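These notes concern the structure reproduced below.
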Protein chains: 2
Amino acid sequence: MASSIHDLARHLNISIGTVSRALNGRADVNADTRQRVLDAAKKLNYSPNQSGRSLRQGATHSIAFMLQPHPGDQQYGEPFFIPFLIGVQGRLAESGLDLTVVMGAPGDYQQERLRRVVETRRADAVLLAWTRRQDERIDYLTQVGFPFATLGRSRSGGKTYPSLDLDFEQAGSDAVDRLVARGHRRIAAIRPSLNLNFSHLFLDGYRKALKRHGIEVDPALIADGFINEAGGYQVTPRVMLAKDRPTAIIFNNDAMALGGCKALAEMGIRPGHDIAVTVIVDTPLCRYFSPALTAFRPALEPMGRRLAEMLLASLPAFAGPEGPRIIHEVWPLELVARDSD
Amino acid sequence: MASSIHDLARHLNISIGTVSRALNGRADVNADTRQRVLDAAKKLNYSPNQSGRSLRQGATHSIAFMLQPHPGDQQYGEPFFIPFLIGVQGRLAESGLDLTVVMGAPGDYQQERLRRVVETRRADAVLLAWTRRQDERIDYLTQVGFPFATLGRSRSGGKTYPSLDLDFEQAGSDAVDRLVARGHRRIAAIRPSLNLNFSHLFLDGYRKALKRHGIEVDPALIADGFINEAGGYQVTPRVMLAKDRPTAIIFNNDAMALGGCKALAEMGIRPGHDIAVTVIVDTPLCRYFSPALTAFRPALEPMGRRLAEMLLASLPAFAGPEGPRIIHEVWPLELVARDSD
DNA sequence: TGTGTTGTCGTAAACGTTTACGGAAAAACG
DNA sequence: CGTTTTTCCGTAAACGTTTACGACAACACA
């Protein structure tokens, strides 16, 4: 059915070794025969069998991205990841690598599926997202010595792997600064209840900024919830019922913001009028919500490209002449002022 | 580094053939040695090299899902697909198959990437979504004889592949029925401008229902736009400026509905008060929007399971004793009445 | 005891590549 | 013209599996 390198060789009456060398652009093959091989390959619609290549080379030429569900949640934060993955994919393609995203059912925090990818050697490296403070996936990968890079920082595994993160601390701080400058002093923060690292960073920035402005941090204005619409909906009333009602809310997640605004609407509180609403990671949702939500926007696609780049730079097979490098970067979020604050 | 079947054999002092047979549960191996092999496999943390297996068996044990971007759009309709893919993944795992979703940058309608998956034999079969009326991907796959199944129908390729679709025609019709029953006669329809099959089906249902009620179809009330928030935002004013202003709008997509509601808000028109809004495919967005949007909800995860099931049933290697079967199914959408109409 | 059957296992080929090695011919050099 | 170098190509092994085939022992049966 599909033509193999043997078919090409037979067709051209040369050896398979020569065919392979011609195809792979090696130097020791006559320019003429190389051309004939390439022509024949096109004519016979040849393309190399990945299993064969992988087996021989010990490399699959593909990078796995673990799409990470949260326990009890159907949410994967897709509006966030898709542009990011487009960037990753673009950069990988330039180096002849495929991106395959492996999915799991929610609930197992992916550990099992990660093992499976690693152990059956389905990918040459893996990309992790939504890192936690203590992240067992990172522990596992460093322990078995499997190459990886992360979107987001973690305390696990030391500084032995490339990582790219957004500056959630700065964003949290900037959000507070902006609200304070606009006269707010009662500012609530709503964030995911999971041990996600960015959630901690956000809260750190929030706290520090408040202190800087001489505003005491009121625990009644900080709430955790599921990282989805339901979570925001459920938790927002809690901060609104605080003794001294907040005049502003910062949501650490767009889905939570949507749910939260729903809750506010039911209480007759209008974002942009009766309360200021800021969300930390911008998505199309924020822009088209009414009122449009002021949000902090990441450069997702460039981030994807860059993290892929950084991952490659850490792999001996793809690193430049100076050898593999472990790079860490933290990218800023850009404020997009809209109508909700 | 990673242990191979040879390591196991050496460690147990038996041949690799026996080890392989033991691992694969074949009959002709002593129960005792089988147990020893399994124990050793666990102890040495053995798991088979996929490339080796694939090469020998001519099967990769993985199914590819093409995540299909739209030209000029970063939207993949993810909130829709993720639960669906969870279902697919769950069913495939039961048969020892992996699901890998392959992504492409927007703009090429995936034809190139599809070729790549097929030609390098990275998957045993592929799952297509967002089928078009004439779908070159389907043409290609049928032509080269690569197994696949589709979420959504198409006119391409005949009835030679399994397909599962939602009954968009019925939903379009039901939506109109409901609105007419509530006294509306000027009902607009907003749908994606691409040649997506479900978009045609929806409009068919919409048209037929109107005619059934003796209402003439007004082209000024039908608009196409990009299948994202921007598209809805851009196109909705168009139908609102029709001579005889519509009192209801049916959106064929949740993102378009969001953008459309934004446009309505800017015109001072409130869904649920000044206009009735219905959306055809329900997502969490619809539920948590204010007002909550009346929508038609698909059973995404069961659909995923079922389509995986149907794909497997069509593959000789996985079909039951009666041999491969090509199954077609159309599933209903369930009305979720909320506050927007 | 001879023959057939069954249970268990080893041998070796095969899947489609890549690549180290060596050899023959051509080219370059003295 | 002889020697060395270069250019090009074929040979064969290797990657980790699976599996057809045959071998051998144990056992059953006549």
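Reminder, nothing fancy here: chain letters follow the sequence lines and each chain counts from 1. This is a predicted model, so every value here is computed, not measured.
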Students should find that the end-to-end axis angle of the helix from C:dT1-D:dA30 to C:dG30-D:dC1, with five pairs defining each axis and rounding to 10 degrees, is 50°
Please tabulate, for side-chain N and O atoms in residues 20-31 of chain B, each donor-acceptor pair with protein atoms closer than 3.5 Å (sequence neighbours left out).
residue: B:Arg21; atom: NH2; partner: B:Thr18; partner atom: OG1; Å: 3.4
residue: B:Asn30; atom: OD1; partner: B:Asp32; partner atom: N; Å: 2.6

Under 3.5 Å, which donor-acceptor pairs link side chains of residues 309-326 of chain B to any protein atom two or more places apart or in another chain?
residue: B:Glu309; atom: OE1; partner: B:Arg91; partner atom: NE; Å: 2.6
residue: B:Ser314; atom: OG; partner: B:Leu311; partner atom: O; Å: 2.7

Sequence neighbours excluded, the answer for side chain to side chain contact (heavy atoms under 4.5 Å, CB included) partners of A:Leu12 is A:Ile14, A:Arg36, A:Val37, A:Ala40
Sequence neighbours excluded, the answer for side chain to side chain contact (heavy atoms under 4.5 Å, CB included) partners of B:Asp7 is B:Ser3, B:Ser4, B:Arg10
A:Arg26 atom CZ is separated from C:dT17 atom P, nearest whole Å, by 16 Å
Considering only nitrogen or oxygen atoms on both sides, find all protein atoms under 3.5 Å from nucleotides 24-26 of chain D and state each distance.
none

What nitrogen or oxygen pairs link the protein and nucleotides 6-9 of chain C at under 3.5 Å?
residue: C:dT8; atom: OP1; partner: B:Asn30; partner atom: ND2; Å: 3.3
residue: C:dC9; atom: OP2; partner: B:Asn30; partner atom: N; Å: 2.8
residue: C:dC9; atom: OP2; partner: B:Thr33; partner atom: OG1; Å: 3.0
residue: C:dC9; atom: N4; partner: B:Asp28; partner atom: OD2; Å: 3.4

Sorted by chain and residue number, the side chain to side chain contact (heavy atoms under 4.5 Å, CB included) partners of A:Ser163 (sequence neighbours excluded) come out as A:Thr150, A:Arg153, A:Tyr161, A:His328
Residues at least two apart in sequence or cross-chain that pass side chain to side chain contact (heavy atoms under 4.5 Å, CB included) with A:Arg133, listed by chain then number, are A:Arg155, A:Asn195, A:Asn197, A:His200, A:Asp204
B:Phe84 meets the ring-ring contact (aromatic ring centres under 6.0 Å, His included) criterion, sequence neighbours left out, with none
The correct set of residues in residues 49-62 of chain B placing a heavy atom under 4.0 Å from DNA chain C is B:Leu55, B:Arg56
In whole angstroms, the gap separating P of D:dC9 from CG of A:Asn24 amounts to 15 Å
Hits for side chain to side chain donor-acceptor pair (under 3.5 Å) against A:Asp39, two or more places apart or cross-chain, chain-then-number order -> A:Gln35
